[in-house]
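Contents: one structure, followed by commentary.
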Amino acid sequence: MPPATSGLGQPKTPKERAEVGAASAALAAAMNASLPILNRARVDFGLPVLLDVMDLFDQADRVLLAISQAFDFEAGSLPGSFRYIGPLLDVPSWSRSWQAPWSARPDCPRALIACSTGAQGQRDLFQRVINAVGAIDIEAVFTTGPNLDTADLRAPKSVHLVRGAPHDSVMKDVSLVISQGGHGTVTRSIINALPQLVLPMGRDQSANAARVDAKGVGLRLGPTASEPEIAAAIKQLITGRQFKVAARKLGVIIKADIDTSPLVHEMEILAAIGRRRRSRS
């Protein structure tokens, strides 16, 4: 499987497998650069030092993956301690109450533009997104989040700028989503059977974008995409029925994973393991 920070897809050829292997080695090397800091902390807690950061995963009784297995790439095998528990979709603290600003044009497509909650210098990217949306016949709500000021953006009347809004509510009114690829936004889009355009700037976002592309639930562009490229992708998502069909099918599976999440069960198992160990000591 490609490492989460690579943005690579499921390897199918020897060349692609080599690329994934190189990306995995690069990630391990980057993490091991902090190994001395980690080992000092382990010594402070009375734990043995590690020879490799990745040994952490081998020592854990459980590694809980907060993602739906249906949205992940396919692994040839997984360690016995790994468990998929489905996505954890908390509502951000900065989300605000929602009053729909839509015009009285039922035939006009509507979109949600969702900015990342992190400070990633995304102003120029989203100004291009706004300009692209303004150039076509579509109406949009843009939630800027806590790190982008609405006063720093120029928007036509068809794009409504707000700092925050409950995405679950907004998504009931729109026909597509444009985002940087945060896991919560991507997952909510799929659950609501919405095609999505992802323009990742961060490494984790690139991993989500790769999955969006691989699962056929949307399109991904680079963060330097031009306004015409963004507009063309939006038009393709509006007219391409296959994206919505794929999102609907995958969304049913993800929703079921959330409803039947084994998180509490796994935590109870861990608690029992801890009690047994304490009783032996």
Side-chain angles (χ1 to χ4, degrees), residues 1-45 47-88 115-122 124-125 147 179-187 190 196-225 229 233:
M1 294 176 71
T5 58
S6 68
L8 296 172
Q10 184 87 53
K12 298 177 181 178
T13 66
K15 179 181 178 181
E16 290 173 346
R17 285 190 285 273
E19 290 174 344
V20 166
S24 297
L27 174 61
M31 293 182 69
N32 277 316
S34 299
L35 185 60
I37 299 172
L38 173 63
N39 278 332
R40 284 198 296 272
R42 289 180 64 83
V43 169
D44 289 342
F45 281 103
L47 299 171
V49 299
L50 301 176
L51 297 178
D52 191 294
V53 169
M54 295 302 180
D55 291 342
L56 275 172
F57 296 94
D58 296 327
Q59 294 188 0
D61 293 304
R62 289 290 187 274
V63 178
L64 304 179
L65 306 174
I67 183 176
S68 173
Q69 187 170 9
F71 184 58
D72 205 359
F73 291 122
E74 183 178 354
S77 63
L78 287 172
S81 59
F82 278 51
R83 299 287 189 277
Y84 285 96
I85 60 170
L88 306 176
C115 192
S116 172
T117 56
Q120 296 180 313
Q122 60 267 60
D124 289 345
L125 167 61
N147 288 295
S179 77
Q180 286 179 255
H183 186 240
T185 303
V186 165
T187 304
I190 296 172
Q196 53 189 304
L197 172 60
V198 182
L199 302 102
M201 296 187 74
R203 291 181 175 180
D204 291 342
Q205 295 167 345
S206 294
N208 291 329
R211 286 162 173 77
V212 165
D213 186 49
K215 301 299 180 180
V217 297
L219 300 172
R220 66 169 168 173
L221 293 174
T224 60
E229 289 174 326

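Residues take their numbers from the sequence shown, with the count starting at 1. Here the structure is a predicted model, which means the values were calculated and not measured.
Within the model, atoms CG of L88 and CD1 of I67 stand 11.0 Å from one another, a figure rounded to the nearest 0.5 Å. A distance of 12.5 Å separates OH of Y84 from CG of L64, quoted to the nearest 0.5 Å. Atom CD1 of I37 is separated from atom CZ of R42 by 15.0 Å, given to the nearest 0.5 angstrom. One distance of note links CD of Q196 with CG of N208; it measures 9.0 Å at 0.5 Å rounding. Taking CG of L199 as the start and CZ of R220 as the end, the distance is 11.5 Å to the nearest 0.5 Å. Here I190 contributes atom CD1 and T185 contributes atom OG1; the two are 11.0 Å apart, rounded to the nearest 0.5 Å.
In terms of heavy atoms, L8 sits closest to P2 at O-CG, 3.5 Å. Minimum heavy-atom separation, F73 to M1: O-CE, 3.2 Å. Here the closest non-hydrogen pair linking A233 and L197 is CB-CD1, 3.9 Å. The minimum heavy-atom distance between P87 and T187, with the atom names listed, is CG-CG2, 3.6 Å. In plain terms, the two heavy atoms of Q180 and Q205 that are nearest each other are O-CB, 3.1 Å. The shortest non-hydrogen separation linking A66 to H183 is O-CE1, 3.2 Å.
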Notebook entry, point to check: L35 and D52: side chain to side chain contact (heavy atoms under 4.5 Å, CB included), yes or no, with the steps?
Noted result: CA-CA 7 Å; L35 185 60; D52 191 294; 5.7 Å; no
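Within 6.0 Å of CD in E74 there are 12 or fewer heavy atoms belonging to other residues, nucleotides or ligands.
For the pair R211 and D72, the minimum side-chain heavy-atom distance is below 4.5 Å. Annotation: side chain of V198 is not in contact with side chain of S206 (no heavy-atom distance under 4.5 Å). Residues F57 and P79 have side chains not in contact (no heavy-atom distance under 4.5 Å, counting atoms from C-beta outward).
Here salt bridge (Lys or Arg N to Asp or Glu O under 4.0 Å) pairs that include residues 2-28, with residues two or more places apart or in two chains, number zero.
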